[in-house]
Amino acid sequence: MFNKNKSSISFDGKHETHKETLLKFLALLLILVAYFLYMSWKYDASTGLGLSLLTWSFFVLCTPVADGGFILAFPIRLLFKIKMAITQVVLWFFALAINLYMLKAYPSMYELSFPTELLHHILTEPYPYWSILIISALGTFLSIYFGDKMMDVASHKERKKNHRHGFKYRSILVLGLGILTLAAYYYLLNSLNIVIPD
């Protein structure tokens, strides 16, 4: 008598889309853990943790895809059925709060790696570099929106259809925003005379 709410559909590892999502999550988590271990070995555990958080926040705030926030948004979606788009907005403000604290308490930490040095320049020079934050936020939201939509689809047939159409639109939008972001980064690197390390 009542229609089943699509948002209540649970994760099923046997479905191709959900399997891809799980593999992406595990790969991102592995990269983050490896980065933390490397930075802890290079400096110390507390510095490694700080650099890992700052680098994570760089990917959350300054890239037009949802890879940084996805590390937390995906398990939260599985455990509590909270839309990844909602979690991503919360994580975006959390990443911003981390940086406000670190800029005030440990500004020298930004100089220890290339992504954090770049992040420092973006955050401390509103014009024109905050445009990167705006472009990235828009791209991230669109990416997460399509991810939520794929998780919500009930049947395998619908999932394949939505995956095909959603992938096409998502690819066009994210590609366009990615090109804008790369152009902004190119301008940023040139204006700061930063050379990408080998």
Run the side-chain contact (heavy atoms from CB on, under 4.5 Å) check on L133 and L123 step by step: do they pass? CA-CA 9 Å; L133 299 176; L123 293 175; 4.2 Å; yes
Could you grab the distance from atom [atom1] of [X] to atom [atom2] of [Y], nearest 0.5 Å is fine?
{"X": "L91", "Y": "I86", "atom1": "CG", "atom2": "CD1", "value": "12.0 Å"}
{"X": "L103", "Y": "M109", "atom1": "CG", "atom2": "CE", "value": "12.0 Å"}
{"X": "Y101", "Y": "L53", "atom1": "OH", "atom2": "CG", "value": "11.0 Å"}
{"X": "W56", "Y": "F36", "atom1": "CH2", "atom2": "CZ", "value": "15.5 Å"}
{"X": "F93", "Y": "L61", "atom1": "CZ", "atom2": "CG", "value": "10.5 Å"}

Indicate, with yes or no, if [Y] and [X] share a hydrophobic cluster defined by side-chain heavy-atom contacts under 4.5 Å among Ile, Leu, Val, Met, Phe, Trp and Tyr.
{"X": "Y43", "Y": "L37", "value": "yes"}
{"X": "F114", "Y": "W41", "value": "yes"}
{"X": "W130", "Y": "L118", "value": "yes"}
{"X": "V33", "Y": "L54", "value": "yes"}
{"X": "L49", "Y": "L112", "value": "yes"}

side-chain contact (heavy atoms from CB on, under 4.5 Å) evaluation trace for Y38 with L51: CA-CA 10 Å; Y38 172 73; L51 284 172; over 6 Å; no
Which heavy atom in I132 sits nearest to a heavy atom in C62, and how many Å separate them?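 It is CG2-O, 4.0 Å.
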Kindly give the heavy-atom pair with the smallest separation between I122 and F58, and that separation in Å.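 Minimum heavy-atom separation between I122 and F58: CD1-CE1, 4.4 Å.
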Show your working on side-chain contact (heavy atoms from CB on, under 4.5 Å) between N99 and H120 and close with a plain yes or no. CA-CA 9 Å; N99 280 279; H120 184 267; over 6 Å; no
Expected output: side-chain T47 to main-chain D44 donor-acceptor under 3.5 Å: no
May I ask you to decide if G50's main-chain N or O and Y106's side chain share a donor-acceptor pair within less than 3.5 Å? no
Could you tell me whether the side chain of S113 reaches within less than 4.5 Å of the side chain of M39, counting heavy atoms only? yes
Test side-chain contact (heavy atoms from CB on, under 4.5 Å) on L119 and Y110 and set out the steps. CA-CA 8 Å; L119 176 62; Y110 287 88; 4.0 Å; yes
Mark yes when over 12 heavy atoms from residues, nucleotides or ligands other than Y35 sit less than 6.0 Å from its OH; otherwise mark no.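 Count over threshold, so yes.
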